There are 2 protein chains.
Amino acid sequence: MAGNVEKQTGGAGRRVTAADIARAAGVSRATVGFVLNDTPGQTISQDTRRRVLAEAERQGYRPHSAARALASGSSRIVLAVLPDWPMGFSMRTTLEAASLALQEQGRTLITHTPPHRAAARPLWEVLDPEAVLGFVPFTDEQARSLRASGVRRVLPDPGEPLPDFLTGLAEGPRLQVEHLAARGHRRLAFATPEEERVRSLAEERARTTREHAARLGLEPPQVHTLRIEDAADTVRAWHRAGVTGVVAYNDDTAALAVGTALRTGLRVPEDLAVVGHDDSPIASLFVPSLSTVYLDGDTLGRHLAALALRPDPTEAPELPSPLTLVLRESA
Amino acid sequence: MAGNVEKQTGGAGRRVTAADIARAAGVSRATVGFVLNDTPGQTISQDTRRRVLAEAERQGYRPHSAARALASGSSRIVLAVLPDWPMGFSMRTTLEAASLALQEQGRTLITHTPPHRAAARPLWEVLDPEAVLGFVPFTDEQARSLRASGVRRVLPDPGEPLPDFLTGLAEGPRLQVEHLAARGHRRLAFATPEEERVRSLAEERARTTREHAARLGLEPPQVHTLRIEDAADTVRAWHRAGVTGVVAYNDDTAALAVGTALRTGLRVPEDLAVVGHDDSPIASLFVPSLSTVYLDGDTLGRHLAALALRPDPTEAPELPSPLTLVLRESA
DNA sequence: ACCGACCACTAGCGCGCGCTAGTTCTGGGT
DNA sequence: ACCCAGAACTAGCGCGCGCTAGTGGTCGGT
């Protein structure tokens, strides 16, 4: 066997600790810590620094995060609790931007979608994160657990009003309604999927739809759940009722509306115009391609990171609107 | 202020530790540990047990996972590194099943999609997981980092042959090819998306497609990348070359193929039959609905959990084939 | 009366690391 | 010759928990 590094330290497969580095470099454990963490206020000679760094590299030292978390009192982990909505392209960009911004601050973003069957212990009790970002308000039960687990910052903060990044998520219908209104549609419907899990957001968007329809002097839009089984009935009912424009909760629902309309013999967008939401890949692939609302994930992601790490929870940074309308064939 | 529990322990917001419970219950810290962990081989009186449990409940005690991980030497976390493929419905079921199975063993499954821009520290160095499941083989660099981080079980194990759960992921084309062959198609094409990230799996599936086409005495299928910009050209080229059946990498690609064929004036499935893969929701929504391959996530998930926790890495459990063909309109 | 077995606990180490409170060693100023 | 400031370190505590090696007490058997 080639005399590999692990063997030299003794125990087969034992992980390399800072003490190993200290011994090998002929310094104390504290010095190793100072060098590897660039601890401010410590003066270390060039020579020692080099020796420690070289030895750490040679032995492939990786600090043990549990020990670090225990000693420092912070895991440097930020947990994003994702809702179970099919994650659109925009959401992925959002999380990636947030992740990058957090990384620059030495944090690690972990995303998590809770399983339907409630976990024995919620993930934040296991990970001990520094902050938890939810995309849906937490229940009282969850809030209690979060507090007991010592999570320092929770978003949205239970008890506080919803932060704008969440209300922003429900602002899409404004663009959808405005567009349909501009095209002369007077009677709209809001279409939502059946999924229980998206209900809270769907209701929020339905509310926004009604609000802006009222503002623009349109007929009060009806809200309908679109199911694969009876979508045809719903679409026919719309047609009979004079509905010509559909605000869809997301692109999947929009796709279902458009597909059903076509099968029912309606023309899209002539007989029924549909605007989706999320700008998911299928939006452009669908025949006809879907007009939809694009969400600027980059901006939103940075905003989220800033919210999670801001030292003073009372002062929140401003969020420029991250929504844009994408015009395609379906409306 | 109502005299709340936290206040009683002293420090504002300090988290409740096992020592607090011990003090309040009038027992030693060890006893608290024995009670809360049901440590085998320890005899605790009913009375004491009740007192400790009650006190833990009253104070909302949550064990500090970092400390536990440090002391026990294991984080009880299993990390699944997901590829960046759009996560189909089947994949979600797979992960959920795996998560549940792991939970029954006291483990926590954390899923993670590495960002495109490489993270400063890969997630496993931060989380210190007990096992890491990859859906794509690890690079040498990653393998080294995994070993240095003390991860006990890595799947797929670098250096070992691919486990069947991964080769199984490439078995779908067998069903796709067999179906098309049974319908009398002699000349097939394999359609893959452009995405760099799915390339390794796409190539694997292309190989399987060729293999089974050969086995069934079909013409050697050509492999084509389907891009939105020039999909029309590709589809026309297929038609000219006498290709009548398309094996698609996934449902998105199948959707693109079908959509393009329709726009080009071809009939589906009469002129071009297409079989997708993944049974994603759009597969049934699309017009015409897509024939596709369904992957039984439940079986696969349990298998994964078993692989991650099996005590002896040399003996792997059997995996029954988790694939089924779903017949719809496109083929 | 004494012993051993068993029950019901407790004292305290060790996990790996961050960090405070020293300690030793220069080298320049008086 | 002495002092003292600063550079360059080190000793060792504490984070919260798991767990081993005890320790006292009770009870049945001889």
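This is a predicted model, so every value here is computed, not measured. Proteins come first, then strands; the chains are lettered A, B, ... in the order of their sequence lines, and each starts at number 1. Reckoned from all heavy atoms, side chains included, excluding hydrogens, waters and symmetry mates.
Boundaries of the chain B contact region on DNA chain D are D:dG16 to D:dT20, first to last in 5' to 3' order (nucleotide atom under 4.0 Å from a heavy atom).
Within 4.0 Å (heavy atoms only), B:T17 reaches sugar-phosphate atoms of the nucleic acid but no base atom. Among the protein residues, A:T31 comes within range of the nucleic acid bases, having at least one heavy atom under 4.0 Å from a base atom. As judged by a 4.0 angstrom heavy-atom cut-off over every strand, A:A30 is placed among the base-contacting residues. Residue contacts shown for B:T48 are limited to sugar-phosphate atoms, with no base heavy atom under 4.0 Å away. If you check every strand for non-hydrogen atoms under 4.0 Å, B:S45 touches sugar and phosphate atoms only.
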Just the atom pairs and distances: protein N or O near nucleotides 22-28 of chain C's N or O, under 3.5 Å.
none

For a quick test of your reading: what N or O donor-acceptor pairs under 3.5 Å do the side chains of residues 72-82 of chain B make, sequence neighbours left out?
from	atom 1	to	atom 2	distance (Å)
B:S72	OG	B:R68	O	2.9
B:S72	OG	B:S74	N	3.3
B:S72	OG	B:S74	O	3.2
B:S74	OG	B:R76	N	3.2
B:S74	OG	B:E130	OE1	3.3
B:S75	OG	B:I77	N	3.3
B:S75	OG	B:D128	O	2.7

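Under a 4.0 Å N-O distance rule, the pair B:D20/B:R15 does not qualify as a salt bridge. In this structure, B:R51 pairs ionically with B:D47, as a charged nitrogen and a carboxylate oxygen lie closer than 4.0 Å. Note on A:R302 versus A:D298: salt bridge recorded, some NZ/NE/NH1/NH2 to OD/OE distance being below 4.0 Å.
Side-chain contact annotation: A:T108 with A:Q103, donor-acceptor N/O pair under 3.5 Å absent.
Listed here is the closest heavy atom pair of B:A98 and B:L304: CB-CB, 4.4 Å.
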Handout entry: Verdict with supporting geometry, B:S145 and B:E125, side chain to side chain donor-acceptor pair (under 3.5 Å)
Key = CA-CA 8 Å; B:S145 155; B:E125 293 192 2; 2.8 Å; yes
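Counting heavy atoms from C-beta on, the side chains of A:P114 and A:L123 never come closer than 4.5 Å.
Proximity of B:S28 to the phosphate of C:dT10: a side-chain N or O atom is located under 4.0 Å from OP1 or OP2.
Judged by closest nucleotide on DNA chain C, B:F34 is the one of B:F34 and B:S72 placed further toward the 5' end.
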